[in-house]
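The first residue of the sequence shown is numbered 1, and numbering continues consecutively from there. Counting starts at 1 for both ligands and their atoms, in listed order.
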Amino acid sequence: VRLRTLIVGLGSAGTGLHLPVVERLRATATSSPLFAEAPIVLHDPRGMPGGLAGHGVALAGSLTEAARLAPPGETVVHLCTPPSARLQPLSELAALGFRRFLVEKPLALDDATARRIDRLRRDLGLEMVVVAQWLDSSLTRRLEELIRGGALGRLRELTFVQLKPRFLRTLRSPGQATAFEVELPHSVSVALRLAGDARLLRAGVSDMEVGDVVVRHMGAAHVVLGHDGGVVTRATSDLTAPMRERRVELRFTGGRAVGHYAVSREDCHAQLEVRLPGRPARRRVFPDDSLARFTAGAYRRFREGDDLDADLALNLRVAALLGEATRRGTVRHGAPGAQEAADEPVGAVGHAG
Ligand SMILES: NC(=O)c1ccc[n+]([C@@H]2O[C@H](COP(=O)([O-])OP(=O)(O)OC[C@H]3O[C@@H](n4cnc5c(N)ncnc54)[C@H](O)[C@@H]3O)[C@@H](O)[C@H]2O)c1
């Protein structure tokens, strides 16, 4: 079967990431057989955003209309709503007969909601994939091989630094978000994939300040995770940084590796530098369009009826860990940045060692 596409939630993820990726995959010889030729169906209670004319899409005014335009049995639903609006549209879509869901990250903002979504999935037999494109990134695959291969010894420490100026979107919709849910789901999912399950050791978050405007908990967020096998992960995401960077460093008993995930959709290339003691560092650059690969992979797995449980379990853990980080990172909040002093300076995390 060729699968159809329904995108629910037409914000920046729905129209800026999912729609162009599906369009690109439909136009690519290797992936086009996965996709039906019928128009991509879109739904958002706010209607169609501007700039989509000529995209060959069909707008559904309601979810019921969406089910008429895209037969639920042949359709993958891309749920691109904010994390606070997942359970309700999922229930409605499931009641209309939709079964295959590609859900944006994070699955939920707390463990309890993530579990309710998981219960709904199991009760109704839904097939669900959470968008975690770094898991399908070529860089992550190379890191997995590096760990498995053992040339650098045993993995001891993972450090992620995710820098991005995200002022405009934050100021436009200050909402309920915290910096824990924006970029950290990417790195935490990779950490769990590379080093196994973990518990939260520390968490902290600062505010975003622009002139006199303060957006609570939308500055820099960091978590420290202790993995079951002894590896420690430190991940920092600074949404007030002046530049973009998505860096990962792996410290092994016998060397280091530094990777850079692609920082923008316009140029999907990643890099990896491996440093063995006493040898010149070797840097490799390679194409890494992880969202396209992830999306095509999800359609393939839906079509072939693959077992999706292991990846979903990992994403449930990501939601639980970041939910706990949000609770712990935000409760002790007195003056802006106060918990940073009580915890660990964010700036020090990215440059440890
Ligand atoms: N994977 C990635 O790289 C990536 C990148 C950006 C955003 N995201 C994720 O995508 C999700 C959406 O983020 P965004 O930046 O697009 O948000 P956004 O606020 O720009 O857009 C959300 C849209 O969902 C719509 N919506 C709200 N409730 C709805 C409902 N019940 N039914 C249908 N539509 C509804 C809103 O009207 C809005 O248009 C978030 O979970 C975010 O973390 C992921």
Side-chain angles (χ1 to χ4, degrees), residues 6-22 41-52 59-67 77-96 98 101-110 113-114 117 128-137 140 162 164 166-190 218 221 237 239 244 246 261-266 268 288-295 297-298 311 315 318-319 322-323 326:
L6 164 63
I7 301 178
V8 175
L10 304 178
S12 57
T15 60
L17 292 174
H18 288 255
L19 179 60
V21 162
V22 171
V41 179
L42 309 175
H43 171 71
D44 190 305
R46 288 198 286 194
M48 180 96 98
L52 291 183
L59 184 71
S62 65
L63 291 181
T64 313
E65 191 187 350
V77 182
H78 296 235
L79 192 59
C80 301
T81 52
S84 52
R86 297 241 197 277
L87 194 56
Q88 192 223 342
L90 259 178
S91 320
E92 280 179 45
L93 286 155
L96 287 165
F98 290 101
F101 294 92
L102 195 53
V103 182
E104 256 305 346
K105 58 81 195 162
L107 179 60
L109 295 178
D110 57 79
T113 312
I117 293 174
M128 198 179 283
V129 171
V130 177
V131 177
Q133 65 263 37
W134 284 20
L135 292 180
D136 257 0
S137 135
T140 304
Q162 295 158 274
K164 160 167 152 181
R166 190 187 184 274
F167 297 103
L168 215 53
R169 281 181 56 203
T170 305
L171 295 170
R172 214 184 285 142
S173 50
Q176 304 293 309
T178 76
F180 287 108
E181 78 204 51
V182 182
E183 298 292 327
L184 289 176
H186 294 306
S187 49
V188 171
S189 66
V190 171
M218 277 300 276
S237 156
L239 303 176
R244 280 177 174 247
R246 289 171 156 177
Y261 288 91
V263 289
S264 102
R265 254 168 281 156
E266 279 76 57
C268 294
D288 197 2
D289 188 347
S290 56
L291 186 62
R293 185 138 101 169
F294 186 88
T295 307
D311 276 9
N315 280 291
V318 173
L322 289 175
T326 307

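- Ring planes of W134 and H186: parallel class, angle under 30° (limits at 30 and 60°).
- With sequence neighbours left out, the ring pair (Phe, Tyr, Trp, His ring centres under 6.0 Å) criterion links F101 to no other residue.
- With sequence neighbours left out, the side-chain hydrogen bond (donor to acceptor under 3.5 Å, both in side chains) criterion links T295 to no other residue.
- The nearest pair of heavy atoms linking A60 to H43 is O-ND1, 2.9 Å.
- Summarising the geometry of A108 relative to T113, their closest heavy-atom pair is CB-CB, 3.8 Å, with the distance given to 0.1 Å.
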Under 3.5 Å, sequence neighbours excluded: what are the donor-acceptor pairs made by side chains of residues 79-89?
from	atom 1	to	atom 2	distance (Å)
T81	OG1	A85	O	2.4
R86	NE	E104	O	3.4
R86	NE	P106	O	3.2
R86	NE	L107	O	3.2
R86	NH1	T81	O	2.5
R86	NH2	E104	O	3.0
R86	NH2	K105	O	3.4
R86	NH2	P106	O	2.9
Q88	NE2	E92	OE2	2.6

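- Ordered by chain and residue number, the residues placing a heavy atom less than 4.0 Å from ligand 1 are V8, G9, L10, G11, S12, A13, L17, D44, P45, R46, C80, T81, P82, P83, A85, R86, P89, E104, K105, P106, V131, Q133, R169, H186.
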